[in-house]
Each structure stands twice: as structure tokens, then as C-alpha cells.
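Single-structure report; data block below.
For the numbers below, each heavy atom of this structure counts, side chains included, while hydrogens, waters and symmetry mates do not. Here is the naming used below: chain letters follow the sequence lines, and residue numbers restart at 1 for every chain. Everything numeric here is computed off the predicted structure, so don't read it as measured data.
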Amino acid sequence: MVPESPRFVQRQGGIPRDAENVTGEASAPLLTVPGADPCWDDSAGSVTRDRQRREGLDMFRIAMIVCGGMGGTHARCYGNIPGAEVAAVMDSDSEAASRLAASIGARPFTDADAMLSAVKPDIVDVCVPTPWHAEYVCLAAAHRPRGIVVEKPMGRTIADCERMIAACAEAGVPLFPAQVLRFFPEFAAARSQVLAGAVGEVACVRTRRGGPFPRAWRNWYGKYAWSGGIALDLIIHDFDWLRWTFGEVERVYARGLSAGQSATNPELEVEKDYALVTLRFVSGVIGHVEGTWADPGGFKVSFEVAGNEGLLEYSFNQPASPPYIAALELADSGRAAVPVPESPTAVNPYQRELEHFLDCLAKGVAPSVTPEDGMEAVRIALAVNESAAHNQAVALR
Amino acid sequence: MSVRIGIMSMAHMHAYSYAGAINEIAEAELVGIADHDLARARESAAQFSTQAFASYEDLLKADIQAVVIGSENVRHRELCEMAAAAGKHILCEKPLATTVADAEAMIAACRYAGVQLMTAFPCRFSPAMARLKATVDSGQAGAILAIRGTNRGRCPFGWFVQKELSGGGAVIDHTVHVTDLMRWITGQEVAEVYAETSNRMFGQDFEDIGFLTMAFDKGVFATLDSSWSRPKSFPTWGDVTMNVTCERGVLTLDMFSQNLVVYSDRTGGVSWVPWGSNIDLLMLQSFVAAVRDGTPVPITGEDGLRAVEVALAAYRSAESGKVVAVR
Amino acid sequence: MDYVNIGVIGCGNMARDLARRCVKLGRCRVAAVTDPDPESLAAAASEFMADTAASAEELCNRPDVDAVIVGSPPGAHLDNVLAAAAARRPIFCEKPLGVTVAECDQMIAACDEAGVLLFVGQVLRLFPLFAYSRSVINEGHIGEPRAISVIRAGYGQAFHSGWRAKRKLAGGLLLEVNVHELDYMRFIMGEPVRVYALMDNIMRGMDYEDQAYVLLEFENGGTGCLHTSMSSPIGEYRVHLQSTKGNLVHGGFSGSLRYQPVDGQVTEVLQADISGLNPYDRELSSWIEAITNDAKPLFTGHDGRMAVAMAECAYRSADEKRPVAVSEVLAT
């Protein structure tokens, strides 16, 4: 599964550049307003209160193992969390490592083991492409940090997930899969509403997610063997949120562009992907997830939940949107960079997610997202791929 | 000379819209209405300034060239065969029938009698849909790869939830419109269907949720939500949407999104007041023109049958849990 | 008029069946009947409780006869139709309208002059698979018809004796039987322009052909071939139609019809699954509607004349061993 010599496993050796030689802007403390997010009801308690308390108690030194956009996003978020400090950044591309390190005032490394030995971080944040999650998480666990964050999808295979869970359990290190959708206020609020019975007994749920195809290092999103296609990389967000909100999935049926071809072409590489997934939950709820990496019209997210006493929706049913929209690629550039959804709130969801983990570590309580949650989301996504590859419903239990 | 039309049964609410449309068309005349419920025939005849006939036979003996069939689904065949034998052209409400055998018999009866059979799929006449079709046909979007469609609505109850009259629940009611649109823009036939259904909205003996996945015979795949999942408090009756992913872009249709939003303390709620084109009128105009000119109707009985086959395949799939072949 | 009072000229099986159907449709009464054969006449008079007339002239001129069915052998159509036209009675004439184009022209002229309807029973067009095939073309599923082949083979005992065995009365196989198929081919292909025919008599039962191939060219550039036989112990009926965008085959009076667009699926319909009015009822209804309500009749003298013209071309072609233009026989 793991291809040879990707840039972040090239052990270039040598001494990383001294962080002090790198000038960068100091991260500004985030001004927070108590009670700014009334819909936020995380069981770990008020983020704002915990942030204030942590200032005096706990400092978290972060080491990041990165490649690509999400590493930068996480790094900037840590910069906004009082008590958190990104001490080191590892990227086997030394220029990329230096660039990111400089922007946040951290030490750049090109070798993960060297970084972990040198920095002895409290937190290791693994944001490399999916197939290398297990390798780096296991490596990090061996250094026994206080906690490890692993970007979603947790692993490329269930075996990867099990390996990570075992390594972290053995080392006694909490592992936090970054299923960030749970920290998006609209999704969290929707879940609260649903659980509070706002729509009565839920009958069906639909989500849509996607935009242009993400261009990235070596087109790794497009390499089905690496990314697992849109089901594993993108709409796993929805799978996790759905499972969190509506319980376990009984079976899935899916059609998809890359997954459909994967059965006959394991080396498949695409520049467009699309999937339509039907899920049947143990509860009897029926779900539908649309994922697109083929929409030049921009990144869009929407969802709705229908029950016997109402309907809850986000950006789904528009009273006066244009009845017809053609979003076509320009002849010379049908491509877009990796899009990251924005949801401007007082605290962005990525920061909220990381703060939650640090807060739980500080308080010694279990994070709301468990490694098993990460693995179950992967399991749903892989079942989706299997269904699309073999054109049959796939039972999960 | 105007095209003289009779309506056979006002059981379906769309028949009222069609009657109004006929009255709006200068070259058409609503000659009368017959219904197995004579009181309904009289009331609707008064509403649309026409006469009620005591029986379908009497209506068919009148000087009319065409009929609109607006009965309960299971009665379509009987009324269609009567009208065909009387030599009347037919516009039949969807779904064309509740079984393949019924739909085939209707088509055969009309072909034998030499009359035209049109299936009432007004969505094809939506101006937004026409733009989508034109974009697809122009080739500028490239080939269609996949389609995500919805046709959700509020549950109509009444005979719609009595299987012996409707042939099913939400799936037979709401699958056919968008299936027809998908067939129309892809030029492909649905080969396989997978469906999940449930009755969790109302907990009764009809399905109110239907999520279909379709594979077309030349590679396009699609899903269609045909549920009665809009609550009573939803600001409009429902929707018809399609998201058409193509090689070079995405075409997004939200057919009935041309609305004013009205917040009313008198009704205590929010409602969407449509201002878009009357697609029922556009459809009736096309039917009238075909009858008048003797040209082929744009949407045939076979189109109706193909859509019914998909709905019936969805029931078979939901029953078996398997992907099923449509034919 | 509440009821159409019908006079029936020629009381053989076919004519009696037509009269019976008219009565059953609920809008006709048989007022009078006539037939040179006393047995047939008595049977008809008794069945319909109708008066008998000594001749076609007498029958047509009775005040209680509103319209006339001419069901006599084809060779006698001319006299009977002229009698009805002279009495200004609308006419239903069994096919073939006449045994020559000249006869047809005479009948049509007389009816036109008298201002009465001349309806010809080209009923084959209304049989389920035949009617269905035209609708498939009308709906555009298979494009424009380009080539039609019809095989009708059988061994009708009735044709090997009695009036049907005599050309003088029956007109010949192409007229007595296949004027139906010729009309159907014209119904599908449009107007014919040229005909070539080969004929044979294998069984020597009739004094005319019991085998014929008729090749046709049509105005639309398409072609047709009729193979008819009255000497085939194994019966067969087959229509094969090729169009610009597909084809269609059917089994005539039984079996099924199948069609397939070039890039589409096969559609098959069984005759047994086609419901609707009986073809004879439909033609008679059309005749009655035309009489009572001025409705457009399904078939007119012109249709009957064109079918006869196609047969006449075929006979001339077989005699003279050359293709014959339809205009040749229409001009005479």
C-alpha cells in the first residue's frame, strides 16, 4: 500500500535548521468572548473557561508531521490556542518545512524521529497523506507524547487503524482522530436539535459536500490506492457525523466514479471524483451522502434531516435561489487548489477541535472522538468503496 | 378549429391544474368532466365553467377529440382503454400505471386505435429544465457522469396512500418525474436499481421514504430521493432538483425555486409563493398542438412505462435488498 | 336520424356478419335484404326479420332503406353500387371495390355525382398488429419506412370451388384476397408508382393465379414485396418492415409484433395483449358516424380504387412481363 519514497519518508538526515535562525511572526493571543458560541455544548465543558484555566496550568508543545494544507491549518490553529505552541515542524521537503516553521516560529525538521527525539513534544500532530498515518502515529507513540492527533481519515485500511490503536494503547498515549465536522457549529447544533427531538423521530437524512477537485502533492488525492477516493477522504466527514448523530450503520450501497473503476484498475488515478451513497442505519433511518470533487462552482456543504414532526436543514432548500446554474470549467483551467471550507465563527472549527483535545488531556478526561470512532468512519467509507466496486449492498454488521 | 377535450376523473389534484390550463388555451375547449364520483364531476364542472357528464361513456360519446385522465393510478388502464376504443387522444396523469402489464396494455390499446397517448410529465416543460437540456445537448459540459436528483413532497394522503388505488406509496408517486428527466437528458435507459425504503415518517403500511440508486445502460449513475419527507409546516409542496455532474462542470437545477417568501401572522407561518412559469399550462399547450396538428406527442406512453418500470424495480430491490435489473 | 335503416345486397357470410355487427352496435336496423340465391336470402331475412327485395334497384329505392351494404361477389359490385348511388343511398362496399380501375372510377364518379358516401371495407388496416405498426411509425420510433415485405400463404378450401374459384366473380387472388395487403402496404409506404409481378398456378384449383410475387416501388423511394399463395398447405403470415432508424416485424393475424430502433431495445407486443374495438366494428362505426354525423370516414372509394389499381398493375405486369407504372392503369 505505501508507495516508495514519498517526500516525507525520505530520511534526508542531517541537522535541521535551527529554529532561532528562522524569524517569524509571533502568534497573537486570541481574544475570546465568553459565551460567544451558545450552541456549543461539548461535554468537556466551556472551551473559553478551560482556555483561561489552562493558561496557568498546562503548556503543550506541539510537533507537527506535515505535508500539505491541513498541517498549515492545524499549525495556525495551535498558534491561536493559549498554552499551545508549535515547537517543531517536520516535512521531508526542507523548504516546505522551513516555510511553515518560519511562519509560526517553530523549528523545522525533515526527519520525524529526529524531531521527536530533539523536541520531546507533548503533542504530535500527524497531517501526512493517508497511507502514512499508521507509520508516523506508531513512531510518535514510541516517543510517548501526552497525545497524538491524526488527521482524518484515520487510516487507509482497517489494519492501519488497528495498528495505530494498538500502538497508542500500549504506549498509553491518547490518540485523537481529527473528525473535525463534529466541531463545526452548524453540524453540532443540528445534532443537538435532532437529539432534542426537533424533527420528531428521524426518517431520513441527506448531506452534500464538495467542490472542485483538490490539486495536491503528486496528485495523491487522485490516486485511489493512496487516498481511497472521495469516500474515504472527503465524505468520511459526513459518515462520522452521521454515525455520531444517528448511530451505527447497518449497510451501505454506493455508486462512485473512482470506486466504481477501482475493482478493475487498482492503479487508478483520477482528476475528478464523485460518489452517491445510501446508508441504512440500525435505527431504520435512511441516509444519503453526495460527495463531489467535480464541481467547479466552488466548495459547498449542505444537509437536511427529516422526521415525522419536522424538517431541519442547512443550506438545502432555497426559496429563491436561481432555478438553474451551470458551473462549467474554463477551457484552460478546470483545476483548483485544495479547498478548505470556511465557517466564520468566533473560534474556527479546526481550532475548536484541537482545543478540545488539549483540554481533555489537561483535565484527564477522554476526548469526545475516540480512536474507534475514527476507525468506524474508515470502516463505513471502505464499505462504500467496496459497494461501488462490486455493485452490491455491503453490510457493516 | 379548437381541440375539444374532456376530463376523465378529477381524483388527482393535478387534474384541477390541467382543467384550468385547458381553459387558458385559446385553441382548446374543455367540453366536460366525468367522474365515478358524480358529485365531484358536478362541482369541478361548475368550477371550470363546463358541463358534467353522468358517465365516462357519455363523455366519450360527446364531440371531443381528446381526454385527460386524472383518476387514481390503478384506474388509468380502464379509462385509457375506454378512451382509446372511442378514438380519443389521451393525456394520462403519471404514473402511467401501477404494473408493467397495465402500461403495456394502455400503449397497445392506443396504438391499435391509432390515438396518441401522452404521459403527463410537466417537468420537461420547465424553462429551467429546458436550459439544462440545452446545455447538455450543446456539448459544452461534456458527457454526463452522474446525477443526484430529488422529488420530495408532503404526503398527499387520501387515495395516494391506499395501495389498492395508488399501487404503492412515495416511490410510485415520486420516482417517475425525475426518472423521466434523467432519461431525457442522458438519452439512456435505467438498467439497474437499488433502493432503500421505510415508513418512518408516518409509521403506516405504505412507504414514505424512498432512496433510489440507478445505473443507466451507458454508464451514468444517479440517485433519486422520492420521499414524502416535507413536513406540513414546509413552506411549499416539495421540490424537483437535479445536480448533474458532467465531464466539464456541474449543472444544478432547482425547478421550483422561483418563489416569494411570505411571513404571515394571519396564517402563522412562512410560505413560498411561486412566480415561475406554469409548466402544466406549457404541457397542455404541447398536447393540444399535437392533437390539432396530428404530430407526435413529445412524451409518449413508453416514456411513462419506462419510468414506471424504475419505480417497480425499486420496490423489488427494497424487498430483496439486492440490486435488481429493471427489465 | 335515430336509427340507420340498412339494406343488404348480397347475403353471404361476410355480408350477414357485417349486418349483424351494425345491429349490435345499437344504431342500425336491417330493413331489407336481397340476394340471387334463395337460400341465403331466406336465411338473412329470417335472421334480421327483414323484408326481401327482388333486386338491388328495388332494395335501394325502398323508402325505409337509409343506407346500403354491398356484400356481393366483387364482380357484381359495380352494378350494385351504381344502383345505390342512383337511389342516393350511402354505401358500404366490401373490398375489393371493383375488379378493374375502370369499374372503380365509374362507381366513384356516380357516388360523387349523387353526393353519397362510398365507404370501402379495407379492414385489414384496422387489425391489431397492422394498426399498431402504423402507430409505431407515426410515433417516430423507427424512422421513415423504406422496405416492406409481406408473405401471406395458405390453402383456403373455399377458394378452390364455388364463385371464389372463378376470376370472373372473384377477380383473382390479388383482388379477392390481397387487395388487403396491397392497401396495407400503401398505408405504410404511401402512394405506389410502379409494379412488377410474377404469377403461377400450382394447384390448378382456381382459374387464376394461386401464387404471386408482386414487387412495388413507392413515391417515397421505398420498395415492397408481396408474396401470396393459395396453394400452401402450411400457412404463414409475416410482415417485415425496414425503416431508416429501425425495423418492425409482425405475424399478421396472430402472434406478436416486434420493433427495434437501430440503437434501442426490442419492444414486443402480443396480439393477445392488445385490447380495443373489433376491426369490423370499428370500420362499421366509422361508416355510421360518417352517415349520421358527417364524421370523416376511415376509408373512401379512393382507397379502394388505389388498391385495385395496384392489383391491376400486377396482372398487367404478369401478362406483359414488364414493370407497369401505376399511372398507366389510372389513366385508362
Side-chain angles (χ1 to χ4, degrees), chain B residues 1 57 60-65 77-90 99-119 183 187-191 216-218 290 293-303 305-306 309 325-327, chain C residues 25-27 123-144 187-188 246 248 250 256-279 281-283 285-286 288-290 292-299:
Chain B
M1 200 182 89
E57 288 82 357
L60 292 172
K61 278 182 198 149
D63 179 19
I64 56 175
Q65 292 126 283
R77 175 178 176 171
E78 182 195 350
L79 299 188
C80 175
E81 288 179 344
M82 282 175 74
K88 312 303 179 191
H89 300 289
I90 297 162
T99 67
V100 170
D102 279 0
E104 285 178 342
M106 292 164 70
I107 293 165
C110 290
R111 286 191 173 145
Y112 173 32
V115 297
Q116 298 217 58
L117 173 59
M118 176 162 166
T119 308
R183 288 181 60 244
Q188 300 184 22
E189 296 295 348
V190 181
F216 288 76
D217 56 4
K218 296 187 185 77
D293 304 337
T295 50
V297 292
I299 307 170
T300 64
E302 281 188 312
D303 290 323
L305 166 60
R306 294 284 98 84
E309 284 175 335
V326 169
R327 302 176 82 181
Chain C
L25 287 169
R27 298 169 66 183
V123 72
L124 189 76
R125 292 183 183 196
L126 303 181
F127 273 73
L129 301 183
F130 297 87
Y132 192 110
S133 66
R134 180 67 240 183
S135 294
V136 170
I137 295 164
N138 287 349
E139 289 171 25
H141 297 289
I142 56 175
E144 298 300 319
F187 180 49
I188 297 295
L248 178 154
H250 71 80
S256 72
L257 178 149
R258 284 181 297 139
Y259 68 89
Q260 182 172 22
V262 169
D263 51 3
Q265 296 164 321
V266 178
T267 298
E268 177 162 27
V269 62
L270 299 177
Q271 169 162 303
D273 290 337
I274 301 177
S275 73
L277 280 185
N278 172 285
D281 288 345
R282 196 164 152 216
E283 66 171 349
S285 297
S286 169
I288 295 164
E289 274 294 309
T292 55
N293 288 331
D294 257 351
K296 190 169 175 284
L298 282 171
F299 322 114

Inset, instruction - Identify which of G140(C), A131(C), P128(C), S285(C) forms the greatest number of heavy-atom pairs closer than 4.5 Å to chain B. - result: P128(C)
Inset, instruction - Enter the distance from I274(C):CD1 to I107(B):CD1 here, rounded to the nearest 0.5 Å. - result: 11.5 Å
Legend entry - Value rounded to 0.5 Å, distance of OG in S135(C) from OH in Y112(B): 11.5 Å
Inset, instruction - Identify the two heavy atoms, one from A108(B) and one from D273(C), that lie closest to each other, and give their separation to 0.1 Å. - result: CB-O, 4.2 Å
Inset, instruction - Find the distance between OG (S275(C)) and CE (M82(B)) and round it off to the nearest 0.5 Å. - result: 12.0 Å
Legend entry - Crowding at CG, D294(C) (>12 non-hydrogen neighbours, <6.0 Å): no
Inset, instruction - Using a cut-off of 6.0 Å, state whether more than 12 heavy atoms not belonging to Q265(C) lie near its atom CD. - result: yes
Inset, instruction - Identify, with sequence neighbours excluded, every residue that meets side-chain hydrogen bond (donor to acceptor under 3.5 Å, both in side chains) alongside E289(C). - result: R27(C), N293(C)
Legend entry - Nearest-0.5 Å distance that lies between atom CG in N138(C) and atom OG1 in T295(B): 11.0 Å
Inset, instruction - For atom CD of E78(B), decide whether the heavy atoms of other residues, nucleotides or ligands shown that lie under 6.0 angstrom number more than 12. - result: no
Legend entry - Contacting region of E302(B) [heavy-atom separation from chain C under 4.5 Å]: side chain
Inset, instruction - Heavy-atom distances under 4.5 Å only: say whether L126(C) touches chain B with side chain, backbone, both or neither. - result: backbone
Inset, instruction - Provide the full list of salt bridge (Lys or Arg N to Asp or Glu O under 4.0 Å) pairs with a residue in residues 131-140 of chain C, sequence neighbours left out, each pair given once. - result: R111(B)-E139(C)
Inset, instruction - Heavy-atom distances under 4.5 Å only: say whether A84(B) touches chain C with side chain, backbone, both or neither. - result: neither
Legend entry - Proximal component of S133(C), with respect to chain B [non-hydrogen, under 4.5 Å]: neither
Legend entry - Structural part of F127(C) lying under 4.5 Å from a heavy atom of chain B: backbone
Legend entry - chain C contact via E104(B) - side chain, backbone, both or neither, heavy atoms under 4.5 Å: neither
